[in-house]
2 protein chains.
Amino acid sequence: MDQAGERREPTMRDVAALAGVSIKTVSRVINGLPGAGAEVTDRVRAAARTLGYRPNLTASSLRRADRRSATIGVLFEDLSNPFDAALLRAVEDHARRSGVLVLAGSTEDDHTLQRELLVSLSARRVDGVVVMAAGGHQDALQHERERGTPMVLVDRPPTFGGTDCVTTTNRDSSRAAVLKLAALGHRDIAFLGDRRTLWTSQERYTGYLEGLAQAGLTLREQLVRTDLHGVAVAETATAELFDLDRPPTALFTAQNLVTVGAMRVLRDRDLHRRVAVIGFDDFPLADLLDPAVTVVRQDVPGIGRKAAELILARIDGDTSPPVHAVVPASLVPRGSGEIAALS
Amino acid sequence: MDQAGERREPTMRDVAALAGVSIKTVSRVINGLPGAGAEVTDRVRAAARTLGYRPNLTASSLRRADRRSATIGVLFEDLSNPFDAALLRAVEDHARRSGVLVLAGSTEDDHTLQRELLVSLSARRVDGVVVMAAGGHQDALQHERERGTPMVLVDRPPTFGGTDCVTTTNRDSSRAAVLKLAALGHRDIAFLGDRRTLWTSQERYTGYLEGLAQAGLTLREQLVRTDLHGVAVAETATAELFDLDRPPTALFTAQNLVTVGAMRVLRDRDLHRRVAVIGFDDFPLADLLDPAVTVVRQDVPGIGRKAAELILARIDGDTSPPVHAVVPASLVPRGSGEIAALS
DNA sequence: AACTCCTACGTCAACGTTGACGTAACCGGC
DNA sequence: GCCGGTTACGTCAACGTTGACGTAGGAGTT
């Protein structure tokens, strides 16, 4: 087989030579532009086929007036996380339909990495970026945006202006979840949340507070655990809750890994039939657990589609005012959230 | 904010003008090449910073001798599938460490889509591709490979020569799983597999046959169900198995979605404590189900790392003979696979 | 028959960058 | 004071493509 054959890729020049026309005519034929006769078009096509010619999009975009690379960047926290993966897939699908490919990267919620990836994307002259912003300050994102890069934030809004974003009904759905638990008679409802630097965590916590207030319940600070990043930390925190003198009778777990950790502890302590749980974010197999887990499910394909639509529109020159699209989440009752308080 | 500001990106020419040097000197400074004095270097760096200059990798790679775009393509079946997502993440991590970004796409196991994506990647002059080949013929892949594109196949080997690939111990691990079930006294072990066009399905089935033979069991054709693509189809097939006069006492489910479907049916019929199950491919929360699911777990990070290493080496000009790397999978006992046959 | 207009091409330069090569200044050695 | 070598620049062309513009020939109009 061809090991380093170092065979040069054929160019329009080669095709032109073989077809006996000028380079410009080849360009016209390849791009389907008018100004090439039928017979010449056939000759050029045939020549391109025999040589195995493939257009060079990088050279083309360097020269073209619009400068498009037909490529966007997608920076999410962790592409192996089911939520991120589903979102990537949704964005990718819609982009591809417009002939746009996706350069994907994981930021690990790390500002340095996020900045480096932004620079790498910018060096490749992507047409725009879809970003799940790392928690905390957004200096690098703002800087990139101010350079003129079309940008859409997903999952978390920008802390700076002039930028589109797509989020879900974090606060409202959290409030609804808590109200549902309260309606079942629960008065000691715990909150277990992800890192406090994350906007989503804050919103969900606010929704929790609103729910308590609306239900006429008082907040017990002991029942609030935050900064739970990962399953292991969530397990520890959940265990602590049930070591309290007056443990919770219901849990609102504000992120999918937290939900998983909590479920594990409940099962270990054989509390899974008595303690109600509603989680934010669906996760695979939530319906197969015992009990099946009631969750607030984000419309991930909807979020991805909206993000893709927005970035593609901006790239196409849409200069209408920035949009903050909110895609509704829905409560999926499966059992764990329907356990009533012991009266 | 800057709506279509149409501000031109600064180029080396602009930096050169501001620093009062030639374009070539700017190039030297930006690329850290020798031949620029200390004072000039400082002036150029300062000018680049004031202008917000960003190198243009597409122009650079067009002109450079090595022609590298520092970008690879990754085409998997479905980026939202946990297995694919984890693999993408592993490849991405290792590529990024070498300054290489990843253009990712889902082929949906569709030849047309796979071919279109290959053409799109080739138009962007990626340095190489990592592909999970769509089932059936591999004409497009072979064609692309023969053009000289560095290529590594993952999960499934090529049907053509001269190409690296990375797979797991499909056959051996499947045989081991069946032998384990047989050792627990099971004589009616069913096989539930994904699409037969997939190489992995075939290998796992062969391993199943080998296991039966080695255990001295005879194959019962009725207990073999293939072409189960997706959870729903797997559920139907499983249900049929338990409507047989002599149903299986153990299941070997050869793909993760199939395992999920089977578990669902077992639970619905309250058989989950009596029928043994070993699944191929781990999946999130397998340990939280009741019973926890015994699986053959592939070393996904290991596969991704190996694939990344191979493609990067080939891109760097490694012309050693093609490699078929096999990354060992391991059996993870969790409970469902340790249920003994009723004697 | 002279005119305009259109079609089907071709020529040229430029996109942003780098490889090849040129050159002026300076150094050390004799 | 001249030579060879080195350092620190600069000039030029080219990577593959396309926008701007030129032109030859034919069709249609007056």
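In what follows, every heavy atom counts, from backbone to side chain, and hydrogens, waters and symmetry copies are set aside. Order of the sequence lines sets the chain letters (A, B, ...), proteins ahead of strands, with each chain counted from 1.
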For R63(B) and for L57(A), locate the closest nucleotide of DNA chain D by heavy-atom distance; then report the residue assigned to the nucleotide nearer the 5' terminus. R63(B)
Going by the rule side-chain contact (heavy atoms from CB on, under 4.5 Å), which residues pair with [X] if we only count those two or more places apart in sequence or in a different chain?
X	value
Q142(B)	E146(B), F160(B)
V40(A)	V21(A), T25(A), R43(A), V44(A)
T168(A)	N170(A), F280(A), Q298(A), I303(A), A329(A)
S61(B)	R64(B)

Mind jotting down which residue pairs meet the ring pair (Phe, Tyr, Trp, His ring centres under 6.0 Å) criterion with at least one end in residues 35-56 of chain B? Sequence neighbours excluded, please. none
Tell me, which pairs form a ring pair (Phe, Tyr, Trp, His ring centres under 6.0 Å) where one or both residues lie in residues 83-132 of chain A, sequence neighbours left out? H111(A)-H137(A)
Check each residue of residues 40-53 of chain B for a non-hydrogen atom within less than 4.0 Å of any atom in DNA chain C, then write out the ones that pass by number, or none. Y53(B)
Any residue in residues 15-39 of chain B with a heavy atom nearer than 4.0 angstrom to DNA chain C? Just list them by number, or reply none. I23(B), K24(B), S27(B), N31(B)
Donor-acceptor pairs under 3.5 angstrom involving side-chain atoms of residues 70-78 of chain B: please list them, not counting sequence neighbours.
| unit_1 | atom_1 | unit_2 | atom_2 | d |
| --- | --- | --- | --- | --- |
| T71(B) | OG1 | R124(A) | NE | 3.0 |
| T71(B) | OG1 | S69(B) | O | 2.9 |
| E77(B) | OE1 | R156(B) | NH2 | 2.9 |
| E77(B) | OE2 | R195(B) | NH2 | 3.3 |
| D78(B) | OD1 | R89(A) | NH1 | 2.6 |
| D78(B) | OD1 | S80(B) | N | 2.8 |
| D78(B) | OD1 | S80(B) | OG | 2.8 |
| D78(B) | OD2 | S80(B) | OG | 3.2 |

Only counting residues at least two apart or in another chain, list the ones meeting salt bridge (charged side-chain N to carboxylate O under 4.0 Å, His left out) with R28(B). none
Kindly compute the distance separating CG (L198(B)) from CG (D155(B)), expressed to the nearest 0.5 Å. 8.5 Å
Are T50(B) and L18(B) packed together at the side-chain level, in the sense that at least one heavy-atom pair is separated by less than 4.5 angstrom? yes
State, yes or no, whether a side-chain contact exists between V91(B) and V154(B) at a heavy-atom distance under 4.5 Å. no
Boundaries of the chain B footprint along DNA chain C (any atom under 4.0 Å from a heavy atom): dC15(C) to dA20(C)
Roughly what angle, to 10°, lies between the helix axis at the start of the helix from dA1(C)-dT30(D) to dC30(C)-dG1(D) and the one at its end, five pairs per end? 50°
R67(A) and L62(A) have their tightest heavy-atom pair at NE-O, 3.1 Å
